[in-house]
Protein chains: 2
Amino acid sequence: MDTIFNKVDAKGRVSLPSDYRAIVKELSTEIVCYRSLTAPCIEGCTEELLDKLATEIENATDFFSETQDNLTNLIFGDAKRFTFDSTGRIMLTEKLLKHANITDTAVFVGKGRKFQIWTPENWEKEEARIRAEVLKNRPTLTRKTEGE
Amino acid sequence: MDTIFNKVDAKGRVSLPSDYRAIVKELSTEIVCYRSLTAPCIEGCTEELLDKLATEIENATDFFSETQDNLTNLIFGDAKRFTFDSTGRIMLTEKLLKHANITDTAVFVGKGRKFQIWTPENWEKEEARIRAEVLKNRPTLTRKTEGE
DNA sequence: CTATACCTTATGGTATATCATGGGTTTTTA
DNA sequence: TAAAAACCCATGATATACCATAAGGTATAG
């Protein structure tokens, strides 16, 4: 949850927001990050969730389907474990940082069970885009959410 | 639940009205707040309610769908947990206060399972708008009740 | 019926704990 | 052996927890 702006220092270190850490901490001290398939940002989650995603893909698509191959290749070929130190920092790789265009500031955006990391500029644009998009389709959304 | 005016101090602290707290207190001491999509106000609810919404979205859309991506970003990127202390206060963030234009007074308005926080001025306008809306529909309402 | 005592709630202030961030040192590895 | 990564400690800022006071409301006793 929440959106948090943290600095990336000269060594490439960045603090994982404490709220984010809290979710993982009980189990371990590591998360998994990979390049987003659809946006110029990094995605992160627990390894547990990624495993779950793997089985979901296996169930959802044909065993021999090209789609499954592509998705698994893209995500699992890219995913890398990051352990955070006693102060809660991780060191992102060049590949990830470059994909998201991050240099000195990382924006952590909560997504429930996973999160994303953006540059301030790109996130600002993305947020505006989403808001416009959702407002346009609001009737549908309202019907769905009003169910509860 | 009625409408309650509370002060916001220099640090952004504001007392959650006791009636509102009572609903949550049995379970926990925290609520979730986020910017309203459609109005200049803050919305609040229990985390439970937000989780429910999240699972609904997960069920209604598939993992890689753009809709799911948009909704989870919008909801969880914006929402933040607020734990209230022994005196029942929470500390609202700059982002939330700014969105609602709140400086020194917060108006709490009950909305069933959730609530809203307005400035006195904006709430006055909103209430007038709602009243006008209801009056517009009054003929229909009257015919219905006269039938009994 | 009124006045007082008690309880709840809001609000102001303060201290403590937590977190993000910077720098230095050691250990690993390429 | 040089560079990078893991580890450790220091510090300033900030949020959180706690205490004290004030105000309003209710119940009970006189």
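Below, read A as the first sequence line, B as the second, and so on, with proteins coming before strands; counting in each chain starts at 1.
- We find that A:Glu127 and B:Arg35 are joined by a salt bridge, their nearest charged nitrogen and carboxylate oxygen being less than 4.0 Å apart.
- A:Asn6 comes within 4.0 angstrom of the backbone, heavy atoms only, and of no base.
- Proximity of A:Arg21 to the phosphate of C:dA20: a side-chain N or O atom is located under 4.0 Å from OP1 or OP2.
- Taking atom CG on A:Leu16 and atom P on C:dT18, their separation rounds to 18 Å, with Å as the unit.
- Backbone-only engagement by A:Met91 is indicated by non-hydrogen atom pairs under 4.0 Å involving sugar-phosphate atoms exclusively.
- Residue B:Ser18 has a polar side-chain atom (N or O) positioned under 4.0 Å from OP1 or OP2 of C:dT9.
- Rounded to whole Å, the distance from CZ on A:Phe84 to P on C:dC19 is 12 Å.
- The residue B:Thr87 sits close to a base: some heavy atom pair falls under 4.0 Å.
- C:dA20 atom P lies 12 Å from atom CD1 of A:Ile90, rounded to whole Å.
- Place B:Ser86 and A:Thr83 on DNA chain D by their nearest nucleotides, and A:Thr83 ends up nearer the 5' end.
- If you take CZ of B:Arg81 and P of D:dA15, they are 17 Å apart, rounded to a whole angstrom.
- Between the CG atom of A:Leu92 and the P atom of D:dA4 there is a distance of 17 Å, rounded to whole Å.
- Whole-Å rounding puts the B:Tyr20 OH to C:dA10 C1' distance at 15 Å.
- The heavy-atom pair separating A:Asn101 from A:Thr119 by the smallest distance is O-CG2, 3.2 Å.
- Between the base of C:dG24 and the side chain of A:Lys11 there is a donor-acceptor pair shorter than 3.5 Å.
- In this structure, B:Ser15 reaches the bases: a heavy-atom distance under 4.0 Å links it to at least one base atom across the strands shown.
- Checked against D:dA17, C:dT21, C:dA20, the side chain of A:Pro17 finds its nearest nucleotide in C:dA20.
- Side-chain contact between A:Val107 and A:Ile102: absent, with no pair of heavy atoms (C-beta onward) separated by less than 4.5 Å.
- Between the A:Asn6 side chain and the A:Ser15 main chain, a donor and an acceptor come within less than 3.5 Å of each other.
- One interatomic measurement links the two molecules: CZ of B:Arg89 to P of D:dC19, which rounds to 14 Å at whole-angstrom precision.
- Listed for the B:His99 side chain is a donor-acceptor partner under 3.5 Å among the backbone atoms of B:Ser36.
- Note: CZ (B:Phe5) to C1' (C:dT11) measures 18 Å, nearest angstrom.
- In this structure, B:Ile4 reaches neither bases nor backbone, as no heavy-atom distance under 4.0 Å exists between it and the strands shown.
- Nearest nucleotide to the side chain of B:Arg13, out of C:dG12, C:dT21, D:dC7: C:dG12.
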